[in-house]
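One structure below.
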Amino acid sequence: MEVTFARFVAALRNADVRVSPAETLDAFDVVSRVGIADKDLLKDALALTVAKSRDDKARFDDTFERFFELAFREPAQRSFLRGVDRQDLVDELRGELSAGLVEAVTQVLDDDRDRLALRIQQVGEAIKIHEISNLRDKSVYSRRIAQALGVDELDAYLATGGGGTAERATLEQLRYLRQYFHQAIRDYVDGQYRLHVDASGKRALLEAALKSNLDQLPRAYQRDVRRVVEQLAEKLAKEHRRRRRRATRGMLDVKRTLRRNIAYDGALFDLKWRQQKREQASVFVLCDVSSSVARVARFLLLFLYELTDVLPNVRAFAFSSRLGEITDVMRGKASDEAVEEALFTWGKGNTDYARAFFDFREQCGADLDPRATLIVLGDARSNYYDPRADIFEELTRRAKQTFWLNPEARDQWREGDSVMHRYAPYCFRVDTCNKLKDIERFADRLLLATR
């Protein structure tokens, strides 16, 4: 029971239901109290223990049904191979096929498919199917289960036409049985894959999409990518808080430490540190939200939105031709709504970087100081307008450091109307940013630079 329950908790976590060790112990205590005889009671009791939100509840229900599918399955209706003379077929197969395979055939003919499903599950547990880790493993485990059940023997028997002695009707029935065996094994392995590797059935496709450029990401995956962004940002923020606490504790305060440890006969149990007070840095983010950059801008803004608790002094601006501040929108609305409103409001018109930098200087150029960090996201394609690199140079001189994130590859920075080479000399760093991992890497670097 302990092993089964541990695997169920692992399946819940794989389905993005966060179950802590303490909640796992509570849930196991619930199982020991309510028992496993009543499916609905067990399901409701566990859901109250581990499912904390509406989304968690939906994922819990789906995982519970798939994980305990065999344990609470309704009895099958007798409808398989109606009209087949069971005894004649079994007698004909004895001596031709192994006893184990004949037993499996008998179970199907008797409509005792639950026993067959149990045998498949027992074989799967024996070969440690819970260790399945990728799509390629599905075919490996399917083949091993088929071999253990003797389905390969049935394949060989049919390939030889029953040794030339089996009747045609018998061969047709066996082909139907073979198809059923293979389908039952595939369904079982696919269910285990979804439980232990890919709960949604599309994680592998999502991972492939995340490795591609964000501007080529299909719309169908945008919601899933948002969830990935939120998880990455939360993980990054947690790590940054830990690093910040360690970095700001200061030097050891010897006098306070000695006074605090007098009661311990001078043994240094309670260390005191000289706290370092740091003035928080300001971050100014300028996002090109024109159609060519909009998808990358969407996920950068979303990432920064999720980091507002560790980057409290962030001011965000969006532009295509004219530039406007979107800080209040980002803070006052839900992330998806705020980002979409910013893209809709400021993503119109021909891109004009000179106009955007001029507007930024007029609106808050005086707020740039040696503690400020300036971030620009854009492809630097100016539609052949004068780039006014002098305005950008003035802005970068006022700030401590300037980062430019360009969704295009470096070999495109001098092609057509791109003026990236005119702006790059005034930047502390210019990086290609067209994948989610690029945004994550930059966010980590930004947190270190503004700490």
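All values below were derived from every heavy atom in this structure, side-chain atoms included, with hydrogens, water molecules and symmetry-related copies excluded. Note that the structure is a prediction, hence the values are computed from the model and not measured.
- In this structure, Arg422 places its CZ atom where only 12 or fewer heavy-atom neighbours from other residues, nucleotides or ligands lie under 6.0 Å away.
- Annotation: side-chain contact (heavy atoms from CB on, under 4.5 Å) contacts of Tyr385 (sequence neighbours excluded): Asn350, Asp352, Asn383.
- The residues Arg178 and Asp155 are annotated as salt-bridged, a charged nitrogen and a carboxylate oxygen being separated by less than 4.0 angstrom.
- Rounding to the nearest 0.5 Å places CZ of Phe284 at 11.5 Å from OG1 of Thr402.
- Gly35 approaches Leu42 most closely through the heavy-atom pair O-CD1, 3.7 Å.
- Ring centroid separation for the pair Phe319 and Tyr353 comes in under the 6.0 Å cut-off.
- Within 6.0 Å of atom CZ in Arg410, more than 12 heavy atoms from other residues, nucleotides or ligands are found, so the atom counts as buried in its surroundings.
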#### Entry: side-chain contact (heavy atoms from CB on, under 4.5 Å) assessment of Leu405 paired with Val376
CA-CA 6 Å; Leu405 305 177; Val376 182; over 6 Å; no

### Task
Take Asp438 and Arg441 through the test salt bridge (charged side-chain N to carboxylate O under 4.0 Å, His left out) and record every step on the way to the result.
CA-CA 5 Å; Asp438 297 331; Arg441 187 183 302 116; 3.1 Å; yes

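- Here Tyr426 pairs with nothing under the ring pair (Phe, Tyr, Trp, His ring centres under 6.0 Å) rule; sequence neighbours left out.
- Atom-to-atom distance recorded for Phe60:CZ and Glu65:CD is 9.5 Å, nearest 0.5 angstrom.
- Remark: Ile127 CD1 to Glu125 CD distance equals 10.5 Å, nearest 0.5 Å.
- For the residue pair Asp288 / Ser290, a side-chain donor-acceptor distance below 3.5 Å is found, with atom types taken as modelled.
- Contact annotation: the side chain of Gln121 approaches that of Tyr188 to within less than 4.5 Å [non-hydrogen atoms, C-beta and beyond].
- Aromatic rings from Tyr423 and Trp413 are positioned such that their centres are separated by 6.0 Å or more.
- Distance check, rounded to the nearest 0.5 Å: CD1 of Ile145 to NE2 of His182 gives 12.0 Å.
- Two residues are said to be in side-chain contact when any heavy atoms from C-beta on lie closer than 4.5 Å; Gln192 and His130 fail this criterion.
- Listed by chain and residue number, Glu408, Asp417 satisfy the salt bridge (charged side-chain N to carboxylate O under 4.0 Å, His left out) test with Arg381 (two or more places apart in sequence, or in another chain).
- Looking only at side-chain heavy atoms (C-beta outward), Ser282 and Thr373 stay at 4.5 Å or farther from each other.
- Minimum interatomic distance between Ala297 and Leu377 (heavy atoms only, all atoms of both residues): CA-CD2, 3.3 Å.
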### Task
Decide side-chain contact (heavy atoms from CB on, under 4.5 Å) for Lys138 and Ile132; before the verdict, give the C-alpha distance in whole Å, the side-chain angles of both, and the deciding distance to 0.1 Å.
CA-CA 7 Å; Lys138 291 176 67 173; Ile132 188 172; 4.0 Å; yes

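- Here the straight-line distance linking atom SG of Cys287 with atom CZ of Phe317 works out to 11.0 Å at 0.5 Å rounding.
- Considering every non-hydrogen atom in both Phe357 and Leu395, the closest pair reads O-CD1, 4.0 Å.
- Legend: residues meeting side-chain contact (heavy atoms from CB on, under 4.5 Å) with Asp328, ordered by chain and number and at least two apart, are absent.
- The closest side-chain heavy-atom distance from Gln401 to Leu374 is not below 4.5 Å.
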### Query
Run the salt bridge (charged side-chain N to carboxylate O under 4.0 Å, His left out) check on Arg388 and Asp390 step by step: do they pass?
CA-CA 5 Å; Arg388 292 300 303 273; Asp390 57 311; 3.0 Å; yes

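- Between Arg445 and Asp431 a salt bridge is recorded (basic side-chain N to carboxylate O distance below 4.0 Å).
- Side chains of Arg315 and Val285 form no contact here, defined as non-hydrogen atoms less than 4.5 Å apart.
- Applying the side-chain contact (heavy atoms from CB on, under 4.5 Å) rule to Val19 yields the partners Val9, Leu12, Arg13, Val17, Glu23, Thr24, Val50; only residues at least two apart in sequence or on another chain are considered.
- Here the straight-line distance linking atom CG of Asp61 with atom CG of Asp56 works out to 11.0 Å at 0.5 Å rounding.
- In this structure, Phe392 and Cys427 have side chains that are in contact, with non-hydrogen atoms separated by less than 4.5 Å.
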### Task
Check the pair Phe403, Val430 against side-chain contact (heavy atoms from CB on, under 4.5 Å), reporting the backbone distance first and the verdict last.
CA-CA 6 Å; Phe403 297 94; Val430 181; over 6 Å; no

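- Val289 and Ala342 make their closest contact through CG2-O, 4.5 Å (heavy atoms, listed as atom of the first residue, atom of the second, distance).
- Here the side chains of Val339 and Phe299 are not in contact, with every heavy-atom distance at 4.5 Å or above.
- Closest approach of Ala146 to Ile185, counting heavy atoms only: CA-CD1, 3.7 Å.
- Here the closest non-hydrogen pair linking Ala184 and Ile120 is CB-CD1, 3.9 Å.
- Under the side-chain contact (heavy atoms from CB on, under 4.5 Å) criterion, Glu362 pairs with Phe358, sequence neighbours left out.
- A donor atom on one side chain and an acceptor atom on the other are found under 3.5 Å apart for Gln183 and Asp187.
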